[in-house]
**Q** 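So that we are looking at the same thing, I have put the structure below in structure tokens.
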Amino acid sequence: MTRRILLGLIGAAAAVFVFTNLVYRAYGNAALCLLVGVIWILLEAQQRSSMPSLFFLFFVGMSLAGVLNSQPVVLLLTGLSVSLAAWDLARFRARVGELLPELEHKHLQKLAITGVTGLLIGWLASGIRVSINFVTLAALLLLAMIMLRYAIVYLREQGD
Amino acid sequence: MKPPLVFVLMLILGIVIAGVALLRGEMVILAIPLIVYVCAAVLQRPAEVRLWVRREITPEYASQGTPITVRLTLVNEGPEIDELAVHDTLPPGVHHLDGEMSEVTFLEAQGRIELEYTVEAQRGAYDSYEARIAARDFLGFFEHAQWYRTPARLVVHPRYPKLDRVRIRPPQTRGFAGPIAARQGGSGLDFWGIREYQSGDPQRQINWKRGTHLDYELYTNIFEQERVADVGVIVDARQRVNIGTPSDSLFEHAVRAAAALAEIFLDDGNRVSLLIYGSGMNRVYPGYGRVQRDRILKALSGANVGVNYALENLAGLPTRLFPAKSQIVLVSPLAPDDIPVIVRMRARGYAVMVISPDPVSFQASMVGDFSSPAYRLAYAERAFMLLQIRRSGVQVVNWQTDQPFEVVVRNRLSRQSGPFVSRAGR
């Protein structure tokens, strides 16, 4: 089941980006998304060792490019979330090997909850408009970076 | 921290920095699904893993090449684990045959996993096994790995051939009836001599011919008593004489031969002891029967070649540990400086038999060279060494290990192989 869902997710992610780029007449990007999506699907279908991180990075790049081209954030968020789920399932398959039904079921369940939660929060956030000056923004960014650093150190200690 | 987590964190950081630098709030929003994804992994990361692990091995005592079933059972005594990866590690010398040795699964609290697989093992005593058990969050970002050691014991004794009965004739035997000629007159099968008739002698033992030829007195045939004997088996485990390759070694042949000989001597009712002489001296005290056979096989299972400078030659051999005038069977490839020791053993009254796996032909067969001057010289040197030992009254079997040991024994040592040539004890 995971394999079918994975192929579906890759197809969906590619379709979202192809659609968005076609609507905004970025035909080159649309063709590129289609090509990358097809290659990823073929590699996963043949169970060859694909590089899911590379394909995911490509779709993240397409999302950022979409923002710069003023494409709708909701669509880009959807595409990004779907490609994130596809990346996760590709890693899951490679990590686990032979899938037991219970493990597969639990993973898909938790991944669906996480993905939908992220997407919903993103959608909600895209509707909020807050105007802040550059100094506040820089301070917030600095704070975020410090927090991220502490989080990484904490997680590393936990891992050890 | 696993590389995928670093990758996602870098992506989040990159997207946020790009959004801020380009003053595009929408770009920052794109990081939200990634942040939620990481948060889910952090919240679901595995806590301390508490598992009850048990290993069962069936059978625990087996011969080399026998399929052995290993069952690893785990019970989760902690909270549920999203992904539990179990990988059982086999000790060196054990080979996997069938079944699953590893599994990745979801394990609920008080949940149970069983791995069952079949292995076969080389000769040895195995008492420590390790299983790598890793608990992960469902996204595989955090891993808590532990090695579990399970103390199940497996003893794999050498596979050895069934031999025909071996002729031995030690100078002294024990008091119980057995198959070995005891050099004493009495009841038995082989003719021993005659004596004057005594009242009560059975009529069928009277030697009528002798009486009529000499003085018309009656004489009685007496037969040689057959008793059991003390047999000491010595296995030479010195590294300097045991050559070998990773796939084959003279020592393995010597161990198999010692096991086969010990069994045949025990089957005949003899009292058998064992000494493994190498890095140390591992001894099995004399005993009879099946229990003694198991003791000897267990000792041979764990035997390995080793280096001990104090035991570099056989001069350190504690022959006094063996009963006086008993049979000693030395299984050794032999080195030239062993000759005086063997001759001395013989001089002290022991009946000595040397089973010598031939290192010259063994090494020659490894390199496929049976014609070079080096081979011929080594062959001649060994033949001369064996001749010296034979001349002292020691029974020597030069065993070329490409021939089955049972065939060599049948031809050279068994009771059906012709007249007994050794003059041991006479």
**Q** Does some side-chain heavy atom of B/F7 sit less than 4.5 Å from a side-chain heavy atom of A/F56?
**A**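 Contact flag for A/F56/B/F7 side chains = yes.
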
**Q** As an exercise: rank B/G140, B/A18, B/A40, B/A85 by heavy-atom pairs under 4.5 Å with chain A and give me the winner.
**A**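 The answer is B/G140.
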
**Q** Chain A: which of B/T105, B/D82, B/V36, B/L30 shares the most heavy-atom pairs with it under 4.5 Å?
**A**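 Result: the option with the highest number of such pairs is B/L30.
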
**Q** For A/F19, is the CZ atom crowded, meaning more than 12 foreign heavy atoms sit under 6.0 Å from it?
**A**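 Atom CZ in A/F19 is not packed in, count stays at 12 or less.
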
**Q** Please tell me if the side chains of A/R95 and B/P4 come closer than 4.5 Å, counting only heavy atoms from C-beta onward.
**A**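 No, every pair of side-chain atoms sits at 4.5 Å or beyond.
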
**Q** Let me confirm one number: the CH2-CD1 distance from A/W123 to B/I29, rounded to the nearest 0.5 Å.
**A**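 With rounding to 0.5 Å, CH2 (A/W123) is 13.5 Å from CD1 (B/I29).
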
**Q** Counting only heavy atoms closer than 4.5 Å, note whether A/V96 contacts chain B via side chain, backbone, both or neither.
**A**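 It is both, since atoms from each part get that close.
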
**Q** Is it true that A/K106 and B/E83 have a side-chain N and a carboxylate O under 4.0 angstrom from each other?
**A**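 Looking at B/E83 together with A/K106, the answer is no, because their closest N to O distance does not fall below 4.0 Å.
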
**Q** If you count heavy atoms of other groups shown closer than 6.0 angstrom to NE2 of A/H105, is the number above 12?
**A**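 Check fails, neighbour count at 12 or below.
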
**Q** Please classify the contact between A/L120 and chain B as side chain, backbone, both or neither, with a heavy-atom cut-off of under 4.5 Å.
**A**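 Answer is neither: A/L120 stays 4.5 Å or more from chain B.
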
**Q** What I'd like to find out is whether the side chain of B/P33 reaches to under 4.5 Å of the side chain of A/L77, using heavy atoms alone.
**A**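 The answer is yes, as the side chains (C-beta and beyond) meet within the 4.5 Å cut-off.
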
**Q** Check each atom of A/L64 against the heavy atoms of chain B and say whether the ones under 4.5 Å are side chain, backbone, both or neither.
**A**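 Both the backbone and the side chain of A/L64 come within 4.5 Å of chain B.
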
**Q** Does CZ in B/R112 sit with more than 12 non-hydrogen atoms of other residues, nucleotides or ligands closer than 6.0 Å?
**A**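 No, CZ of B/R112 has 12 or fewer neighbouring heavy atoms, counting only those of other groups under 6.0 Å.
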
**Q** Look at the side chain of A/R91 and the backbone N and O of B/L139, then say whether any donor-acceptor pair between them is shorter than 3.5 Å.
**A**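 Indeed, once roles are kept as given, a pair shorter than 3.5 Å links the two residues.
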
**Q** So for atom CZ, which belongs to B/R54, do other residues, nucleotides or ligands contribute more than 12 heavy atoms lying within a distance under 6.0 Å?
**A**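 Open: at most 12 neighbouring heavy atoms sit under 6.0 Å from CZ of B/R54.
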
**Q** Of all of B/M27, B/E100, B/Q44, which one pairs up most often with chain A through heavy atoms under 4.5 Å apart?
**A**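 Of B/M27, B/E100, B/Q44, B/M27 has the most heavy-atom pairs under 4.5 Å with chain A.
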
**Q** With rounding to the nearest 0.5 angstrom, report the OG to CD1 distance, A/S126 to B/I32.
**A**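 Rounded to the nearest 0.5 Å, the OG-CD1 separation comes to 8.0 Å.
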
**Q** Is there side-chain contact between A/L68 and B/L22, with heavy atoms separated by less than 4.5 Å?
**A**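 When only atoms from C-beta onward are counted, B/L22 and A/L68 do touch, with a gap below 4.5 Å.
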
**Q** Calculate, to the nearest 0.5 Å, the distance between atoms CD and CG belonging to B/E103 and A/L103 respectively.
**A**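 Atom-to-atom, B/E103:CD and A/L103:CG are 9.5 Å apart.
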
